[in-house]
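Below is one structure; the comments refer to it alone.
So that the names make sense, note that chain A is the first sequence line, chain B the second, and so on, each numbered from 1.
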Amino acid sequence: MWARAFSYWMASYRRIWRGSLVSGFLNPVLFLAAMGIGLGALVDNGSAGGVQGVTYLTFLAPGILAAQAMQTAVFESTFPVLGAVKWQRQYHAMLAAPLGVPDLVVGHLVFVAMRVAITSTAFLLITVAFGAIGSWWAVLTLPVAVLTGLAFAAPVFALAARQDGPGGFNMLFRFIIMPMFLFSGTFFPVEQLPAALELVAMVTPLWHAVELCRGLALETMTMVPALGHVAYLLLWVGAGLWLALASFRKRLVL
Amino acid sequence: MAPHPVDRPLISAHQLTKQFGDFTAVGGIDFEVRAGEAFGFLGPNGAGKSSTMRMIGCVSPPSAGTLRILGLDPAADGPQIRGRLGVVPQRDTLDEELTVRENILVYGRYFGLPRSVVRERAAELLDFAQLTDRADSIVEPLSGGMKRRLTIARSLVNNPELLLLDEPTTGLDPQARHVLWDRLFRLKRSGVTLVLTTHYMDEAEQLCDRLVVMDGGRIVAEGSPRQLIAEHATREVLELRFPADDHAAYAVKLDGLVPRIEVLPDRLLLYTEDGDTTAKAVHDRGLAPLSVLARRSTLEDVFLHLTGRTLID
Ligand SMILES: Nc1ncnc2c1ncn2[C@@H]1O[C@H](COP(=O)(O)OP(=O)(O)OP(=O)(O)O)[C@@H](O)[C@H]1O
Ligand SMILES: [Mg+2]
């Protein structure tokens, strides 16, 4: 049944995919160019001589891959969800048909996962073209990016279904997503942070996603930590899903 | 799908109740809808019509009472029932950024219909709703009447046995309403059972075989339009306007002339078997109204009698 809900999101995506593809990975590519190449030249030629034994661009690319998965997922899980609840009310149309709340949530989440897969693939190809990633292991960063997307999308679904306007989303972007983007290891190793903040960074799902992507792209990942990171992200997916189902029921079944 | 036995009602509700927190929107109502009929819920804003319709549509669980639809229990078989219903909600849930045709195609997919079937069905429905020439235009710029017709067309994509229409024509101009009524007549003739809510007396009289009048979450009267008028009003109504703000004073002067007088802010309604005779009697009492209108009783009069106020507040 969830596939029926998914088919709606696909129909609506078919109209806008070109625009969203460009806007979806233009931003991360700009970051990669400005930071990786511009700033990277300073880092690599300075006393540090790169980061963790590789060029800054090589260090940065997998971090941005994880971060853009987060951003795409969060973006797709805020306004579209609230709109389907409140403005365009597509969820209500689905519920009048034989679909149930779990079908709505799963169908829409699968669509978000697909969006993340598309933008991540596009970004990964660009990084290869930049020469920032060369290992075949990097192919595994794609499922990691999708998992990362779901780890953010599911709890954001739960939040979005409880909103009445965009106010909450602005807070989310400003006070949660943006700081996470900057301080969870995307641009520099979290060991650079004061010890207390380093711990905070390590609790964020983004840090685990960055570690996984980077470990795979640089071929430094080992099995046990990898499983730990995956399990942590899965925990977010599971808890988020549970919360999303509760939020959707509360909002839509009256 | 096995045909529903004709002797069993298509919908039966017993002490059906809907509460939102402490507030009772529907306060224990009983009704039955039989296969093939057009059944109406008539009532003012906040009467509980939509709350009732949403329970019948299996999207809102009843707080108490029993409800059976197509012989099934919404709590246990909601998806199965919804697969056989068509629903026109009070507020459209169209995707305004998709085209007219895409809206039907997507909706058909919700019912698990194969693409080729939906495609064929969409063409028929667009024709039925007179939207064929707009099929590939985006929904957003369409007029209210067109959107409403699209919502109705879309609700028929699964060939429903039972069609629920919550205020299908509210906000439409008279012409658009007549087009919609015509479409609903055709559906009824083809055997679809209609359940609708409305604020409009003429709509109820035109479309409904039977109806209930709701007020404050309760059913205050039930029957065919004709029965309700016979039971709760006289054959004719004489409307009198006087050159004054206080029509109550004139009502006193007319005391005893007819069995019942209704005082409205701008006119008096005299319930009578014969409007012309009563008009003459008014003149004989030496009163000179600004205007005199004798007309047949309508459901509006029934409503006024039952609830003591006009329908559209
Ligand atoms: N989700 C809800 N939460 C709280 N109260 C509600 C909710 N839905 C409806 N109500 C209240 O229940 C009452 C009945 O509402 P309902 O929508 O069923 O009336 P209605 O007869 O359809 O009115 P209208 O003609 O305005 O559409 C109203 O007082 C309304 O405010
Ligand atoms: Mg209503």
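- Remark: B:Ser51 OG to B:Phe20 CZ distance equals 4.0 Å, nearest 0.5 Å.
- Relative orientation of the A:Phe111 and A:Tyr13 rings is perpendicular, given thresholds of 30° and 60° on the angle between their planes.
- Taking chain A as the reference chain and counting heavy-atom pairs below 4.5 Å, the highest number among B:Asp95, B:Leu94, B:Leu98 is found for B:Asp95.
- Using a 4.5 Å cut-off between heavy atoms, B:Val106 touches chain A through its side chain atoms alone.
- Between chain B and the residues A:His92, A:Gln88, A:Gln90, the largest count of heavy-atom pairs under 4.5 Å involves A:Gln88.
- Remark: aromatic rings of A:His108 and A:Trp2 are distant, center separation not under 6.0 Å.
- Chain A forms the most heavy-atom pairs under 4.5 Å with one residue out of B:Glu96, B:Arg109, B:Met55, B:Arg91, and that residue is B:Arg91.
- For B:Asp92, the part sitting under 4.5 Å from any heavy atom of chain A is the backbone (N, CA, C, O) and nothing else.
- The nearest pair of heavy atoms linking A:Ala138 to A:Ile133 is CB-CG2, 3.3 Å.
- Here the CD atom belonging to A:Gln68 is positioned 5.5 Å from the CG atom belonging to A:Leu65, to the nearest 0.5 angstrom.
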